[in-house]
A.B. asks: 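The structure is given below, and queries will be raised subsequently.
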Amino acid sequence: MPRCCFLVAFLCLVVVGARSAQAAYADDCNTPNGDSGQCMPFSSCSDIEQQLLKAQKSGQGLSPEYAGYLKNAACGEFNNVGHFCCANNQIQHNSKVMKLFKSSNFTCGTILSQRVSNGYEVQLSSRPWMALLRYQSIGQSRFLCGGTLISNRYILTAAHCVYGLEDQLYEIRLGEHRISTERDCRRQGRKEKCAPPVKDVGIEKFLLHEKYDSRRITNDIALLRLNSSVTFEKHVKPICLPITDKLKQEAESLSNYFVTGWGTTENGSSSDVLLQASVPIQPRSACSRAYRRDVLDTQLCVGGGDLQDSCKGDSGGPLQAPSLYLDEYKVRMVEFGIVSMGVTSCGQISLPGIYTNVAPYVQWITDTMARHGL
Ligand SMILES: *[C@@H]1O[C@H](CO)[C@@H](O)[C@H](O)[C@H]1NC(C)=O
Ligand SMILES: *[C@@H]1O[C@H](CO)[C@@H](O)[C@H](O)[C@H]1NC(C)=O
Ligand SMILES: *[C@@H]1O[C@H](CO)[C@@H](O)[C@H](O)[C@H]1NC(C)=O
């Protein structure tokens, strides 16, 4: 029996036998040993995953004691995946998804060129993770938010771009540069180089963060599962996420980020071509003052001052920085933030913007991807 099915068979026995007190994903709980923890799928829980693998390897199955432990630790089943109360110090990023993100042929965030021209226009195909979200309403089709490609099947964006708009949001555009032209080309000497045509892909699932608060705009993060997987090409590639502790710490210690986008908001796009601006990090207190609200650790405060160009990001688009990914010497582009609030006031004296801090949500991202299929 393949490994996956073997484990699933185990878990079914365990879960079916349990008097499952239904908790929700990531709810606080106590393990049978009395440790505080969270309700997690087994592949996000280091000790449980190891015990299951050991049992599988030995061919003996689980010891009655451990089967009993799991029965008491079961906290629910979501999308046919058994969840267990996992001690806080055992919670790990989902092992299946991490295997993908760490595989040597997963070429995320590859930086072709950092150069910008005409002020702020990025080079053709140099930000291949940029996605545009297309909405249909009153017979009109428009791009009203941005996002990023993070695997061949998932788009990362803000929850406010999806919440209540599931009937209107219908397509993702990848590989775009100049919205108004069919083919995007650039002169190189006497020759013209063109990017391959854009890819428009349908959406299969809208996955908002379970704790998204549309009034306070917190946990403003969502995934879109595409209805088919895309093939990576020169102009369509994923961005990296801050999956290691080192990268997570970097989110707080960087002084500058890049915002890339077409200035796409609920009112449409403000730029025809893809632009990039450099924006400085600010203390959270600067955003607290500007917006008269608490700015949480799950948010970042960036931009403001004279930087009129901070308005060029797309709502739901990325805040990114080149960083060392895993143990390589080459830098790759990592998405540290998602445009959430207040970053779209072009032309006004610009206030800093509030971004969703991606690092604390990598657990949610990997668990959600694992649950809905890579
Ligand atoms: C990477 O390689 C593995 C096997 O080595 C393969 O299964 C997987 O499809 C490849 N992934 C990509 C993104 O090419
Ligand atoms: C994906 O969605 C698009 C747009 O809604 C649709 O045209 C296409 O047929 C769908 N593809 C698959 C494989 O379901
Ligand atoms: C969109 O347009 C409306 C009406 O002009 C304006 O009140 C609103 O602030 C605009 N929103 C953004 C995000 O620019």
Side-chain angles (χ1 to χ4, degrees), residues 4 78-81 96-97 100-101 103 105-108 125 127-184 194-209 212 220-239 241 261-262 264-269 272 274 314-318 335 338-339 364-374:
C4 60
F78 312 106
N79 268 52
N80 302 320
V81 177
K96 281 190 287 187
V97 184
L100 166 72
F101 285 160
S103 89
N105 59 2
F106 184 70
T107 51
C108 65
S125 304
R127 303 293 182 275
W129 41 82
M130 294 300 296
L132 282 164
L133 278 49
R134 190 169 218 167
Y135 301 73
Q136 178 94 42
S137 74
I138 347 172
Q140 241 191 349
S141 168
R142 298 201 296 163
F143 297 121
L144 302 178
C145 265
T148 52
L149 187 68
I150 59 163
S151 78
N152 64 11
R153 202 70 197 245
Y154 284 93
I155 299 293
L156 182 62
T157 185
H160 78 261
C161 290
V162 183
Y163 180 77
L165 300 168
E166 289 92 339
D167 290 344
Q168 297 171 26
L169 173 54
Y170 72 100
E171 197 173 68
I172 305 298
R173 171 160 295 182
L174 297 166
E176 184 58 285
H177 180 75
R178 183 179 292 277
I179 295 174
S180 65
T181 55
E182 189 87 358
R183 293 219 80 184
D184 295 329
C194 298
V198 297
K199 293 190 188 193
D200 289 324
V201 192
I203 303 163
E204 180 194 86
K205 288 181 186 171
F206 303 92
L207 306 164
L208 283 94
H209 194 282
Y212 170 57
D220 190 9
I221 187 168
L223 286 169
L224 302 172
R225 187 168 197 265
L226 301 173
N227 73 357
S228 62
S229 48
V230 292
T231 314
F232 297 153
E233 286 181 58
K234 181 174 159 13
H235 68 317
V236 176
K237 276 183 202 163
I239 193 168
L241 296 173
W262 291 265
T264 302
T265 70
E266 57 192 294
N267 293 335
S269 305
D272 193 27
L274 182 54
D314 301 317
S315 206
E335 179 166 356
I338 300 169
V339 178
W364 178 83
I365 293 170
T366 58
D367 286 334
T368 305
M369 288 173 70
R371 197 185 313 161
H372 293 278
L374 290 188

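Numbering starts at 1 and runs along the sequence shown. Note that these values count all heavy atoms, side chains included, but never hydrogens, waters or copies made by symmetry. Both ligands and their constituent atoms are indexed starting at 1 by order of listing.
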A.B. asks: Looking at Arg173 and Asp200, is there a salt bridge between them, counting it only when a charged N and a carboxylate O are closer than 4.0 Å?
C.D. replies: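 Looking at Arg173 together with Asp200, the answer is yes, because their closest N to O distance falls below 4.0 Å.
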A.B. asks: I'd like to check Val162 versus Leu224 (side-chain heavy atoms, cut-off strictly below 4.5 Å). Are they in contact?
C.D. replies: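 Side chain of Val162 against side chain of Leu224, heavy atoms only: contact under 4.5 Å found.
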A.B. asks: Going by ring-ring contact (aromatic ring centres under 6.0 Å, His included), name the residues that satisfy it together with Phe143, two or more places apart in sequence or in a different chain.
C.D. replies: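 None.
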A.B. asks: Can we call the ring centroids of Tyr170 and Tyr135 under 6.0 Å apart?
C.D. replies: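 Judged by ring-centre distance (under 6.0 Å), Tyr170 and Tyr135 do not meet the cut-off.
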A.B. asks: Any side-chain heavy atom of Ser228 within less than 4.5 Å of one from Val201?
C.D. replies: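 Heavy-atom side-chain distance check passes, below 4.5 Å.
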A.B. asks: Kindly tell me which protein residues have any non-hydrogen atom under 4.0 angstrom away from an atom of ligand 2, grouped by chain and ordered by number?
C.D. replies: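 Its neighbours under 4.0 Å (heavy atoms only) are Gly202, Asn227, given by chain and number.
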A.B. asks: Just by distance, no angles: are the side chains of Gln136 and Ser141 close enough, under 3.5 Å, to form a donor-acceptor pair?
C.D. replies: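 Absent: no donor and acceptor within the cut-off.
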